[in-house]
Amino acid sequence: MLSQNIFDKEFDRDSVFTDRNLLSPHYTPLELPFREHQIKQISHILGQTLHNKKSDNLFIYGKTGTGKTSTTKNVMKQLVEFSSAKNIKVEGIYINCRNHNSKYRALIKIVKDLYPEGNFMGFSAAFIYEKLVGYVRAGKQLVIVLDEVDKVKDLDELIYALTRSNDEIDKGGITVVGISNNLMFKDRLDPRTKSSLCEQEMVFPPYNAEELKEILKRRAEHAFKKDVVEDSALSLAAAFAAQESGDARTAVMLLLRAGEVADRKGIEKITDEEVKKAKNKVEEELILNMVSTLPEQQQLVLYAISVLSLEKRGIRKITGQLEEGVLFSGEIYDEYERIAKKIGKDVVSARWYREYISELEMYGLILSTNSGKGIKGQTRLIKLGFDARKIRQLLEKELMIG
DNA sequence: CCTCCACAGGAAGCGCAGGAGT
DNA sequence: ACTCCTGCGCTTCCTGTGGAGG
């Protein structure tokens, strides 16, 4: 992803970007403003390993986009660089537990990193474990970073295995750094796991608008050509992101999209207007992503709504006024039933269908009001919250219709 | 006014998967 | 490894509600 394709330069020729990779969500920034304190704290803790002592295990908590992963990776990189320069036996391993979500998978990944030439798939857990202990026993200090640690199914087992190994080794040691954005999960842990993993704890607070602006400014300096981004555009992007939970990742994403908007327009400046457009784009991406991760049955209901609201673009007379794209709960259910049967899916009861409607409304995908006068009986009037054509198109792919 | 309509949404219960307890 | 329990997704049944129509 980071490798330079020969088309990168060609593609970027008439662009506001100089290096758009710097705005990728996977990019680890070299400098981490407003995290000096955390960096100092982590390096203080992990610095023990440089004296060939096992350091305290560390648990890091903070919401998404607060720099947990970047900061930790940054410190780890420096730790490993320093130690190899000084010929000290410290090694670091980073694992994202979303991809290695069990004790066995995580251990495999660790051992594979230690012995890059070996292939350990299919070996017994005990063998893998011995391999790991054997490696450390040679007098190494191993720091293992478990990112998104709450994703590990049998975390208690994994932590137990990793910490127990220290009792079997007298020369080296294993230090565990756990990262999570879910503080609640800590309380679900076995008390022993909790006390060993959380020997040291740190919280990463969200960034405020000024901090986000500074972060964006520094990224923009390297990612864009000189003087492309207007200062007020940076402020606006920072303000948008700050109000949406202070997440640096979405702030950077906003900037990236704003640059793309400018490129498409063929202009050389990024102003407030591009940022606003980008915000809409990012929101749309979020919506479409949300729609595609919905359970199948809810997708079917939503699909029925999108079909109907396109079909009867019909303006309806309600409360004397004309309203567009408003549907009755009942006719949606009928349509949903028809579609589901046609493509051979189960049909849920009308009662449960109403629960789906409530959920879709909570997600903001649809809007609904109770029927007033002008309509017989009592029903819900339902309206799609977003562009019906886009949603229908996406769901046709998702549900493999047509 | 009463009745019917077209639903809303609460209560109870059922079958199942997965975790806890032993 | 075995049962037991629990939560979840869902159905069935039911009562409530407000306007339309006679």
Side-chain angles (χ1 to χ4, degrees), chain A residues 97-98 100-107 124-126 148-161 178 180 182 184-197 290-309 311-312 314-323 325-385 395 398-399:
Chain A
C97 297
R98 202 203 308 225
H100 307 274
N101 58 358
S102 71
K103 173 191 169 188
Y104 183 68
R105 288 183 192 168
L107 285 177
S124 78
E148 302 195 58
V149 67
D150 47 312
K151 296 288 188 297
V152 180
K153 278 264 88 183
D154 47 358
L155 185 61
D156 289 322
E157 312 267 327
L158 176 62
I159 298 299
Y160 179 66
S180 169
N182 182 353
M184 282 301 121
F185 116 98
K186 204 181 77 176
D187 302 323
R188 295 201 307 264
L189 288 174
D190 182 299
R192 281 175 309 170
T193 309
K194 193 170 153 187
S195 68
S196 58
L197 178 59
M290 180 185 246
V291 168
S292 61
T293 54
L294 240 36
E296 190 179 58
Q297 287 292 323
Q298 292 192 30
Q299 289 185 341
L300 280 167
V301 171
L302 196 61
Y303 178 68
I305 297 173
S306 71
V307 167
L308 282 181
S309 49
E311 227 168 65
K312 22 187 113 190
I315 296 166
R316 268 206 175 105
K317 212 205 281 188
I318 289 157
T319 326
Q321 303 162 345
L322 298 177
E323 278 209 50
V326 179
L327 303 166
F328 297 132
S329 170
E331 64 183 347
I332 295 172
Y333 183 72
D334 292 342
E335 178 70 7
Y336 150 76
E337 195 177 11
R338 202 183 60 75
I339 293 169
K341 274 185 182 155
K342 198 173 92 186
I343 63 172
K345 303 286 182 192
D346 292 344
V347 180
V348 297
S349 65
R351 179 67 190 86
W352 200 244
Y353 151 81
R354 277 173 230 137
E355 297 290 325
Y356 282 164
I357 290 291
S358 305
E359 264 188 67
L360 290 174
E361 188 177 19
M362 280 204 318
Y363 297 146
L365 293 169
I366 60 174
L367 307 166
S368 88
T369 41
N370 282 334
S371 63
K373 40 197 157 168
I375 294 164
K376 50 183 171 171
Q378 191 191 32
T379 182
R380 261 160 110 175
L381 301 176
I382 293 160
K383 210 174 153 180
L384 205 52
L395 285 175
E398 203 71 37
L399 297 163

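These figures come from a predicted structure and were not determined experimentally. Chain identifiers are assigned alphabetically (A, B, ...) following the order of the sequence lines, protein sequences preceding nucleic acid strands; residue numbering begins at 1 within each chain.
- For A:Q297 and C:dT11, the CD to C1' distance is 13 Å, given to the nearest whole Å.
- Taking atom CD1 of residue A:I357 and atom P of nucleotide B:dA6, one finds them 18 Å apart after rounding to whole Å.
- For A:Y356, a side-chain nitrogen or oxygen approaches OP1 or OP2 of C:dC10 to under 4.0 Å.
- For A:R351 and C:dT11, the shortest distance from a side-chain N or O to OP1 or OP2 is not below 4.0 Å.
- In this structure, CG on A:L365 lies 10.5 Å from CD1 on A:I357, to the nearest 0.5 angstrom.
- Checking C:dC13, B:dA8, C:dC10 against every side-chain atom of A:Q378, the shortest atom distance belongs to B:dA8.
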Are A:V291 and A:Y363 close enough, and set up right, to give a side-chain contact (heavy atoms from CB on, under 4.5 Å), and what steps lead you there? CA-CA 10 Å; A:V291 168; A:Y363 297 146; over 6 Å; no
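- Counted within 6.0 Å of OH on A:Y160, heavy atoms from surrounding residues, nucleotides or ligands total 12 or fewer; the atom is thus considered open.
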Intermediate values then yes/no, side-chain contact (heavy atoms from CB on, under 4.5 Å), A:L302 and A:Q299: CA-CA 5 Å; A:L302 196 61; A:Q299 289 185 341; 5.6 Å; no
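- Counting non-hydrogen atoms under 4.0 angstrom, A:Y333 reaches nothing in the nucleic acid.
- Considering only side-chain N and O atoms, A:S329 lies nowhere under 4.0 angstrom from the phosphate OP1 or OP2 of B:dA6.
- Partner of A:L300 under the side chain to side chain contact (heavy atoms under 4.5 Å, CB included) criterion, out of A:L294, A:V348, A:I305, A:I343: A:I343 alone.
- If you measure from atom CG of A:N370 to atom C1' of B:dA8, you get 8 Å, rounded to the nearest angstrom.
- For the contact set between residues 337-349 of chain A and DNA chain C, defined by any heavy atom under 4.0 Å, the members are A:V347, A:V348, A:S349.
- Taking atom CZ of residue A:R354 and atom C1' of nucleotide C:dT17, one finds them 13 Å apart after rounding to whole Å.
- Checking side-chain atoms of A:E331 against main-chain N and O of A:F328 turns up a donor-acceptor pair under 3.5 Å.
- Scanning for side-chain hydrogen bond (donor to acceptor under 3.5 Å, both in side chains) contacts around A:T193 gives A:D156, with sequence neighbours left out.
- Protein atom CD1 of A:I332 is 10 Å distant from nucleotide atom P of B:dA8, rounded to whole Å.
- When the side-chain hydrogen bond (donor to acceptor under 3.5 Å, both in side chains) test is applied to A:S180, the partners found at least two apart in sequence or on another chain are A:D150.
- Side-chain polar atoms of A:E335 and A:Y303 form no donor-acceptor pair below 3.5 angstrom.
- Rounded to whole Å, atom P of C:dC13 lies 17 Å from atom CH2 of A:W352.
- Under the ring-ring contact (aromatic ring centres under 6.0 Å, His included) criterion, A:Y353 pairs with A:Y333, not counting sequence neighbours.
- The line from CG of A:L381 to CG of A:L327 is 9.0 Å long, rounded to the nearest 0.5 Å.
- For the side chain to side chain contact (heavy atoms under 4.5 Å, CB included) test with A:I382, the passing option among A:L367, A:I332, A:T369 is A:I332; the others fail.
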Check nucleotides 16-22 of chain B for protein N or O atoms closer than 3.5 Å to its own N or O atoms and list the pairs.
unit_1	atom_1	unit_2	atom_2	d
B:dG19	OP1	A:K153	NZ	3.2

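- For the pair A:L381 CG and C:dG18 P, the computed distance is 15 Å after rounding to whole Å.
- A straight line from CG of A:L327 to C1' of B:dC7 spans 15 Å, rounded to a whole angstrom.
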Write down the protein N/O and nucleotide N/O pairs, taken from nucleotides 19-22 of chain C, whose separation is under 3.5 Å; answer none if there are no such pairs.
unit_1	atom_1	unit_2	atom_2	d
C:dA20	OP1	A:G374	N	2.9

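- In this model, no side-chain donor or acceptor of A:R380 finds a partner on the base of B:dG9 within 3.5 Å.
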